[in-house]
Novice: 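Take a look at this one; I'll ask things after.
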Protein chains: 2
Amino acid sequence: MAAARVRSGGRPTLEEVAARAGVGRGTASRVINGSPRVSAQTREAVEAAVAELGYVPNRAARALAGNRTDAIALVVPESETRFFAEPYFSDIVRGVGAALADTEMQLLLTLAGNDRERRRLAQYLTAHRVDGVLLVSVHADDPLPDLLEQLGMPSVISGRRHAAETLPSVDSDNFEGARAAVDHFISRGRRTIATITGRLDVYGAQRRLDGYRKAVASAGLDPDERLIAPADFSEEGGARAMRELLARRPDVDAVFAASDVMAAGARHVLRESGRRIPDDVALIGFDDSAVARHMDPPLTSVRQPIEEMGRVMASVLLQEIAHRSEGRTEERPRIVLPTELVVRESS
Amino acid sequence: MAAARVRSGGRPTLEEVAARAGVGRGTASRVINGSPRVSAQTREAVEAAVAELGYVPNRAARALAGNRTDAIALVVPESETRFFAEPYFSDIVRGVGAALADTEMQLLLTLAGNDRERRRLAQYLTAHRVDGVLLVSVHADDPLPDLLEQLGMPSVISGRRHAAETLPSVDSDNFEGARAAVDHFISRGRRTIATITGRLDVYGAQRRLDGYRKAVASAGLDPDERLIAPADFSEEGGARAMRELLARRPDVDAVFAASDVMAAGARHVLRESGRRIPDDVALIGFDDSAVARHMDPPLTSVRQPIEEMGRVMASVLLQEIAHRSEGRTEERPRIVLPTELVVRESS
DNA sequence: ACACTTCTTGGGAGCGCTCCCAACCCTACG
DNA sequence: CGTAGGGTTGGGAGCGCTCCCAAGAAGTGT
């Protein structure tokens with residue numbers, strides 16, 4: 001074995017596999033890449049040679065000759081700290097990883113929290129070091145998506161930047177999630193239902209508000225604008241919004257917060273004001289994060305299928321890449337995954 | 001610009017840069033790789049051409065020609081869940097990232113929690129898809145380190161597998177950390193000092209126990225073996241060990257737990273038994289994790305410089321890789337970073 | 001002025017693979 | 001029996017780069 005290794009000068013090459021199988025290089029390549037234009041007999045011979053030699057294709061050579069990299073990037077415009085802190089990302093990574101598990105595709109995790117990293121990243125992508133890009137947690141004014149589109153780089157975005165998103169996207173059903181939350185309040189007899197919104201320049205936050213409005217209107221409730229308090233997804237913002245709400249409509253009996261973290265802020269203020277949850281005011285959040293489960297009382301929340309979003313994003317991207325190289329184009333799938341209301345004690 | 005791009009058929013190549021600068025391909029290559037054997041004048045011309053053309057070297061071609069990949073792997077033998085849950089890993093990643101920041105080196109994060117992933121990983125590494133490997137959180141019986149050594153793959157391990165670690169390693173000073181904890185107890189008048197150990201087949205856990213023993217002996221205290229309770233780094237294990245300790249030596253007045261999580265378990269049991277912390281029993285943990293800061297009372301703990309460990313590991317690995325390709329070898333650095341006692345209310 | 005160095009430089013060879021064309025085989029059909 | 005057409009096959013060309021050798025330029029000592 002050692003001798004053979006020395007003789008062949010290291011790892012076996014395609015050429016060696018071909019020689020061993022008694023075929024030409026081209027044929028061996030065809031077998032390894034699963035081309036159908038090979039006879040069964042030849043295929044077997046090559047496969048045997050591959051097994052005996054323990055052949056593994058040289059990635060660099062493949063990339064160079066085939067003008068691809070077999071790698072995709074998951075671009076996260078956050079610092080390491082946030083990346084590790086938010087369970088959202090770990091779920092996405094898990095989903096993406098699952099979708100890629102039996103693929104040759106390699107996942108590159110690229111965090112770009114500061115400007116320096118973002119510049120490096122842009123260079124990376126323009127240099128075509130990956131075959132495609134998964135974009136998560138994109139801010140509305142991020143130039144990256146447009147850059148990618150311009151470059152013709154296959155990309156998939158989680159969520160959307162706006163209603164007319166041009167990139168293929170995978171989103172959860174924010175509208176229906178919000179509506180379900182409000183309907184749940186209504187079915188339990190709540191009548192003065194307020195909402196605390198996220199930053200409305202984030203499309204998802206807008207949709208949650210739309211869902212709230214729709215549900216309120218459908219139920220024939222009073223669509224009082226004073227029941228809508230804008231915030232910014234932060235705990236402090238949630239608290240502030242809740243205070244406004246209480247000042248404007250002290251008779252509020254239910255609050256739908258567009259994130260669990262904001263719900264936590266709201267809870268704090270409600271407690272301070274002497275109101276009991278859910279007896280006096282019912283509360284629902286969004287995300288179904290760890291925060292929701294550990295809140296006191298446990299928070300009813302709208303769950304997004306984040307891991308599945310990761311899985312779907314990856315498979316959409318793989319398709320995009322395949323289509324692109326086949327010349328096909330212009331499909332731009334937009335996938336919306338269902339959300340689910342997880343009922344706990346707060347409502 | 002667009003016309004030029006079309007004419008050159010895509011991204012500029014080295015050849016094009018060379019032509020533009022009026023030099024040969026070899027010379028251009030030398031400039032780009034920072035070889036000193038180039039005249040200042042030529043260097044400038046090439047650098048100008050690079051800037052004008054926006055040249056970025058093709059990684060695949062480099063890898064193929066140079067027989068390297070410019071990538072290293074951080075191998076974590078854990079599932080995504082644990083990887084994201086433990087702040088340890090995020091600190092390591094941050095440190096490694098910092099050390100690699102102004103390098104061309106790319107970091108590949110490879111989680112290998114289950115057997116399937118481990119097999120894929122082994123294949124990956126044998127196929128020389130990376131220039132080097134960083135190993136963290138290695139279990140004592142993991143075959144990977146030996147495999148890597150056999151392959152001659154540059155590697156650095158965090159911690160050690162045993163006293164006679166053969167791989168280059170970066171560890172924190174577990175011995176001194178433990179000793180400092182116990183000395184702190186002693187300086188505050190504690191006399192019946194117990195310890196809850198981690199899994200003793202983990203070298204670091206063994207060293208912490210050694211440090212405890214040494215400190216106890218140096219102080220001339222009674223080295224009662226009943227004051228040593230083995231556990232497994234888990235919260236439940238810490239609780240169990242604490243119960244044993246209390247049963248054997250109800251007069252214990254200080255406990256050094258070899259991890260914060262075990263300290264949390266111990267705290268629980270101490271409370272149940274009606275003992276106050278630190279009044280009746282003082283408590284110290286290890287890791288200085290978030291758990292320590294948020295415990296009630298805040299836990300005194302031995303801090304390991306984890307981010308720095310990551311940084312050092314990366315730079316040691318880069319050196320190993322450089323040495324390897326220069327033919328130099330056999331240095332096997334073993335670096336031990338100092339730990340630090342962070343005193344809070346529990347002691 | 002001549003023989004040597006030392007410094008620079010150009011470009012051939014080759015890394016391992018995919019793409020693709022031409023050659024080959026066999027079968028089917030007129 | 002000749003030929004067209006389909007299925008297979010071999011291997012040349014070339015991807016963009018690094019390595020390295022040989023050759024030219026410039027400088028040194030005698």
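Every chain is numbered from 1, with letters handed out A, B, ... down the list of sequences. Just so you know, these numbers come straight off a predicted model, no measurement behind them.
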Novice: If you apply the rule side-chain contact (heavy atoms from CB on, under 4.5 Å), what do you find for A:V170 with A:V156, and how did you get there?
Specialist: CA-CA 7 Å; A:V170 176; A:V156 177; 4.1 Å; yes

Novice: Which of these nucleotides, D:dG16, C:dC17, C:dT9, is closest to any side-chain atom of B:N58?
Specialist: D:dG16

Novice: B:Y55 has an atom OH; how far is it from atom C1' of D:dG16, in whole Å?
Specialist: 7 Å

Novice: Assign each of B:R62 and A:A28 to its nearest nucleotide of DNA chain D by heavy atoms, then name whichever residue's nucleotide is nearer the 5' end.
Specialist: A:A28

Novice: In this structure, how many angstroms lie between the P atom of D:dC15 and the CG atom of B:L64, rounded?
Specialist: 13 Å

Novice: For A:T81 and B:R94, test the side chains for any donor-to-acceptor distance below 3.5 angstrom and give the result as yes or no.
Specialist: yes

Novice: Measuring to OP1 and OP2 of C:dT9, would you say a side-chain N or O of B:S39 lies under 4.0 angstrom away?
Specialist: yes

Novice: For A:L111 and A:E78: C-alpha separation, side-chain torsions, deciding distance, then whether side-chain contact (heavy atoms from CB on, under 4.5 Å) applies.
Specialist: CA-CA 6 Å; A:L111 306 185; A:E78 305 285 352; 5.9 Å; no

Novice: Taking the side chain of A:V38 as its heavy atoms from C-beta onward, which of C:dG16, D:dT9, C:dT9 lies nearest to it?
Specialist: D:dT9

Novice: Would you say the ring centroid of B:F84 lies under 6.0 angstrom from that of A:F89?
Specialist: no

Novice: Just how far, in rounded Å, is P of D:dG14 from CZ of A:R68?
Specialist: 21 Å

Novice: Is it the case that B:N58 and A:R129 place a side-chain donor and acceptor less than 3.5 Å from each other?
Specialist: no

Novice: Where the side chain of B:A65 is defined as all heavy atoms beyond and including C-beta, which of C:dT18, D:dC17, C:dT8 is the nearest nucleotide?
Specialist: D:dC17

Novice: Starting at CG of B:L14 and ending at P of C:dG12, how long is that distance when rounded to a whole Å?
Specialist: 15 Å

Novice: Could you check how far CG of A:D70 sits from P of C:dG16, rounded to whole Å?
Specialist: 18 Å

Novice: Whole Å only: how far is the CG atom of B:N67 from the C1' atom of C:dG16?
Specialist: 11 Å

Novice: Taking 4.0 Å as the cut-off, does a side-chain nitrogen or oxygen of B:T27 come that near to OP1 or OP2 on C:dG10?
Specialist: yes

Novice: Please state whether the phosphate of D:dT8, meaning OP1 or OP2, lies under 4.0 angstrom from any side-chain nitrogen or oxygen of A:T42.
Specialist: no

Novice: Would you say C:dT18 has OP1 or OP2 under 4.0 Å from some side-chain N or O of A:S29?
Specialist: yes

Novice: Start at the 5' end of DNA chain D and walk down; is the nucleotide closest to B:R25 or to A:G24 reached first?
Specialist: A:G24

Novice: Rounding to an integer number of Å, can you tell me how far A:L53 CG sits from C:dG16 P?
Specialist: 14 Å

Novice: So for A:R59 and C:dG16, does any side-chain atom that can act as donor or acceptor lie under 3.5 Å from a complementary atom in the base?
Specialist: no

Novice: Within the 4.0 Å heavy-atom criterion, would you say B:N33 contacts the bases, only the backbone, or no part of the nucleic acid?
Specialist: sugar-phosphate

Novice: Does B:R37 or A:E15 map to a spot on DNA chain C nearer the 5' end, using the closest nucleotide for each?
Specialist: B:R37

Novice: Taking the side chain as every heavy atom from C-beta outward, state whether B:V56 and A:T126 have any pair of such atoms under 4.5 Å apart.
Specialist: no

Novice: Quickly work out the B:I32 CD1 to D:dC19 C1' distance and round it to whole Å.
Specialist: 15 Å

Novice: A:V56 or B:P36: which one's nearest nucleotide on DNA chain C is closer to the 5' end?
Specialist: B:P36

